[in-house]
Amino acid sequence: MTSTFTLQTRLAFSPHRLLFRPFPFSSSKTLTVVACSNGLHHGPSLRHGHGHGHGSVPEPVPNLTEQSSIDRDIFTRVFDLAALRVPAAECSELERRLRGHLLNWPRIRNVARVMGDDVDPSISKLLSRNPESYSSDEEPQLSPVLHREKLIKQFNHRGFINFRNLAKISRPKKKKKRFNERNDDSTEKIETSSVYKVELVSKEDNAEDWSSLIGEEFNGGSWRGPTRLLLLDERYARTETHMLPGAVKALLYRENERGMNSLYELVHCRLTIFYSYWQMTELLEALLPEDIIVPSGFETIGHVAHLNLREEHLPYKKLIAQVVLDKNKPKIQTVVNKTDAIENEYRTMQLEVLAGNHSLVTTVIENGIRFQLDLATVYWNSRLATERQRLIASFTNSDVFCDVFAGVGPIAISAARKVRHVYANDLNPNAVEYLERNTVLNKLDRKIEVFNMDGRRFVGALFSSQQILPITQVVMNLPNDAAEFLDIFKGIFRNRSNDDDSCILPKIHVYGFSKAQNPEFDFHERINMALCETVREVEMHRVRLVAPGKWMLCASFNLPRAVAFGKPLIKVV
């Protein structure tokens, strides 16, 4: 079944993604939509339902590359559904019985609450139209005027004493204005949230007007006690009663046999899903042109979301950032993008703030440890948290740990909770400042000594000092250049006797990148070249794939005696 229509709109149908996406410019388009003959949908989607305006023509949309904000109204989708209106007391049981025939959409409840029909039980029999609800010794059903007079007798000057719910109905709170709220008298609002709204469309034709007695909330129908709506699967939205599943028909037919006072009825509802419902990837697929790969993830650093956008994403970076910010609040308050590769000696990233506040000073909690840092002046990578834990798990409480490129202390401070003592160093003075602050923040300042030196000078001074504890573990986490620093260990114990058995040779953990077809062999060869010695036993671990064909590796090996007691390759300052 194919239908063709012309509409000037913000959304265009994308056959490749099966989603709607905005036009990059304002124009009148002819859309050809191919609908399935059975009308079956499989869950809520931007390509299903219809817009909120019912044919209203939206404002023209400027070029997407010039936009920095999103019109959230264009993502509002309306779905027509069928529902069973049932007594609230039987709702749970019926929900279990009809489980396979209910809506079952993510984050949308199958049960909708009917606003205003939960009245105090003390007047439930008084308002009931069912004569069977009265016992033989009770008075017969009263006319609306007599009902009102009876209620007035139980009021006093302070208001409603025995009818608290009725008091709330009579003096309702001011309704807050909601965006996209319809002023349609033919609908009755059922349940509203920031994610979706349910409205009752059909009403009883023979409804009695009770608004003068108990308020507008009951206008259009007789009160039957608290009720709920069981939202049926979307395939039953426009289905005749005889086409409904047997479980649903059994309820309706059984009630019809009782006469006009049926407790169950089939009604039509309107489900409106707002912008806040849709997932980040769904929104980005709708916003971006169909030939662009949708960004699927980002790194979270405290309250900052760090994107690595491709060149094709840059014209739409503001829109992408706004979607990321909207869908991850309140945890994410700032969205940034790396504008250039890390090439400076301090390993700091050039970041551009795309959305949210401009503060890059944040606090990261990793494995129970708090780290304060400023992304504008120091380096941090949350993706290495698992690797840091793997490394620290290999340490013992008798180890003395040396971190040559410590940064703000993600490895050094974590290791300090386990090892005997830590020597931490970094060339960046800003990183050292936060390193010292984090040691105090985590109450580990007595176990960590902090230095602000060049890596070569730090290693040479540390191993030549007679006042330090014997170092057993050394970490060199500077993947771009760490292998080149290994030559400092050549002759590091040259002033000691080679026969000194008390000399402890440290275990070195060095990180590096490799684009070779066999990255482990390539990195091993670079280590041998730096030490001018063949290191036979090296434990290689692939940390992560940082780019297509580019691996980050960690090589762990015990410093060979031939290297430690050999002739130094460079002059130690």
Side-chain angles (χ1 to χ4, degrees), residues 366-367 369 384-426 431 435 438-439 442 444-451 453 455-479 481-493 496 500-512 523-524 527 530-531 533 535-541 543 552-565:
E366 182 177 291
N367 298 311
I369 301 177
L384 297 178
T386 303
E387 170 60 18
R388 290 191 276 263
Q389 285 302 108
R390 183 198 68 85
L391 185 65
I392 294 169
S394 64
F395 298 164
T396 64
N397 56 7
S398 61
D399 279 327
V400 178
F401 174 58
C402 169
D403 195 345
V404 184
F405 311 105
V408 298
I411 299 179
I413 295 176
S414 299
R417 296 196 303 178
K418 184 175 183 179
V419 302
R420 180 182 176 187
H421 199 75
V422 174
Y423 299 100
N425 170 75
D426 201 273
L435 174 58
N438 292 330
T439 59
N442 293 282
L444 294 168
D445 49 305
R446 293 186 178 182
K447 294 184 67 175
I448 301 177
E449 293 185 43
V450 180
F451 300 86
M453 303 170 64
R456 294 181 183 276
R457 187 167 183 172
F458 168 69
V459 173
L462 200 64
F463 279 87
S464 62
S465 174
Q466 300 294 327
Q467 299 179 353
I468 67 166
L469 297 172
I471 298 172
T472 58
Q473 304 282 350
V474 178
V475 172
M476 305 177 71
N477 187 8
L478 187 66
D481 308 309
E484 300 176 3
F485 281 82
L486 288 174
D487 56 8
I488 189 62
F489 291 98
K490 187 73 173 179
I492 198 72
F493 292 150
R496 303 185 187 182
D500 188 0
D501 295 333
S502 63
C503 182
I504 299 176
L505 297 175
K507 187 172 185 178
I508 299 176
H509 310 270
V510 58
Y511 288 84
F523 194 38
H524 193 175
I527 293 173
L531 294 174
E533 189 74 30
V535 183
R536 299 188 181 279
E537 297 183 3
V538 179
E539 300 173 11
M540 287 287 182
H541 174 71
V543 179
M552 179 180 179
L553 302 103
C554 175
S556 302
F557 60 93
N558 292 317
L559 185 65
R561 296 186 70 86
V563 175
F565 292 95

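The basis for the numbers below is simple: all heavy atoms, side chains too, and nothing from hydrogens, waters or symmetry mates.
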Is Phe463 close to Ile488 at the side-chain level, that is, under 4.5 Å between some pair of heavy atoms?
no
Can you sort out the partners of Lys447 under salt bridge (charged side-chain N to carboxylate O under 4.0 Å, His left out), two or more places apart, ordered by chain and number?
none
Under the side-chain hydrogen bond (donor to acceptor under 3.5 Å, both in side chains) test, which residues partner Asn367, sequence neighbours left out?
Gln389
Check side-chain hydrogen bond (donor to acceptor under 3.5 Å, both in side chains) between Glu449 and all other residues, then give those that pass, not counting sequence neighbours.
His421
Point-to-point distance, once rounded to the nearest 0.5 Å, from CZ of Arg561 to CG of Leu559
10.0 Å
State, with a plain yes or no, whether a side-chain heavy atom of Ile508 is found less than 4.5 Å away from one of Met476.
yes
With sequence neighbours left out, what residues match Tyr511 under side-chain hydrogen bond (donor to acceptor under 3.5 Å, both in side chains)?
Glu387
The criterion is side-chain contact (heavy atoms from CB on, under 4.5 Å); which residues satisfy it with Thr386, sequence neighbours excluded?
none
Check Ala483 against Ala530 and note the closest heavy-atom contact, atom names and distance.
O-CB, 3.2 Å
Give, for atom CD of Glu366 and atom CG of Leu384, the distance between the pair rounded to the nearest 0.5 Å.
8.5 Å
Are Asp487 and Arg456 close enough that some pair of their side-chain heavy atoms sits under 4.5 Å apart?
yes
Contacts of Arg420 meeting side-chain contact (heavy atoms from CB on, under 4.5 Å) (sequence neighbours excluded), chain-then-number -> Val400, Leu469
Which heavy atom of Leu486 sits nearest to which heavy atom of Leu531, and what is that distance?
O-CD2, 3.2 Å
Are any non-hydrogen side-chain atoms of Ile504 and Ile471 less than 4.5 angstrom apart?
no
One should read off an interatomic distance between Ile448 CD1 and Leu435 CG, to the nearest 0.5 angstrom, of 6.5 Å
Minimum heavy-atom distance Ile392-Ile411, with the two atoms named
CD1-O, 4.0 Å
Chi angles and distances behind the side-chain contact (heavy atoms from CB on, under 4.5 Å) call for Ile413, Leu444
CA-CA 7 Å; Ile413 295 176; Leu444 294 168; 3.7 Å; yes
Tell me every residue that passes side-chain hydrogen bond (donor to acceptor under 3.5 Å, both in side chains) with Thr472, counting only those two or more places apart in sequence or in another chain.
Asp399
For the atom pair CD1 (Ile468) and CG (Leu462), what is the distance rounded to the nearest 0.5 Å?
4.0 Å
Determine whether a donor-acceptor pair (N or O, by modelled atom type, separation under 3.5 Å) exists between the side chain of Asp403 and the backbone of Gly409.
no
Keeping Asn425 on the side-chain end and Met453 on the backbone end, is there a donor-acceptor pair under 3.5 Å?
yes
What is the ring orientation for Tyr423 with Phe451, classed by angle as parallel under 30°, tilted 30 to 60°, or perpendicular over 60°?
tilted
State whether the side chain of Ser394 and the backbone N or O of Leu391 hold a donor-acceptor pair below 3.5 Å, judged by distance alone.
yes
Give a yes or no answer on whether the side chain of His524 reaches the backbone of Val535 with a donor-acceptor pair at less than 3.5 Å.
yes
How close do Ala555 and Val538 get, counting heavy atoms only, and between which atoms?
CB-CG1, 3.8 Å
Contacts of Phe557 that satisfy ring-ring contact (aromatic ring centres under 6.0 Å, His included) - sequence neighbours left out:
none
Any side-chain heavy-atom pair of Asn438 and Val408 under 4.5 Å:
yes
If the condition is side-chain contact (heavy atoms from CB on, under 4.5 Å), which residues does Asp481 pass it with, not counting sequence neighbours?
Leu478, Glu484, Phe485
Salt bridge (charged side-chain N to carboxylate O under 4.0 Å, His left out) partners of Asp426, counting only residues at least two apart:
Arg347
Between Ser414 (side chain only) and Pro410 (backbone N and O only), is there a donor and an acceptor less than 3.5 Å apart?
yes
Distance from Phe395 atom CZ to Lys418 atom NZ, nearest 0.5 Å?
8.5 Å
Residues at least two apart in sequence or cross-chain that pass side-chain contact (heavy atoms from CB on, under 4.5 Å) with Ala562, listed by chain then number, are Glu533
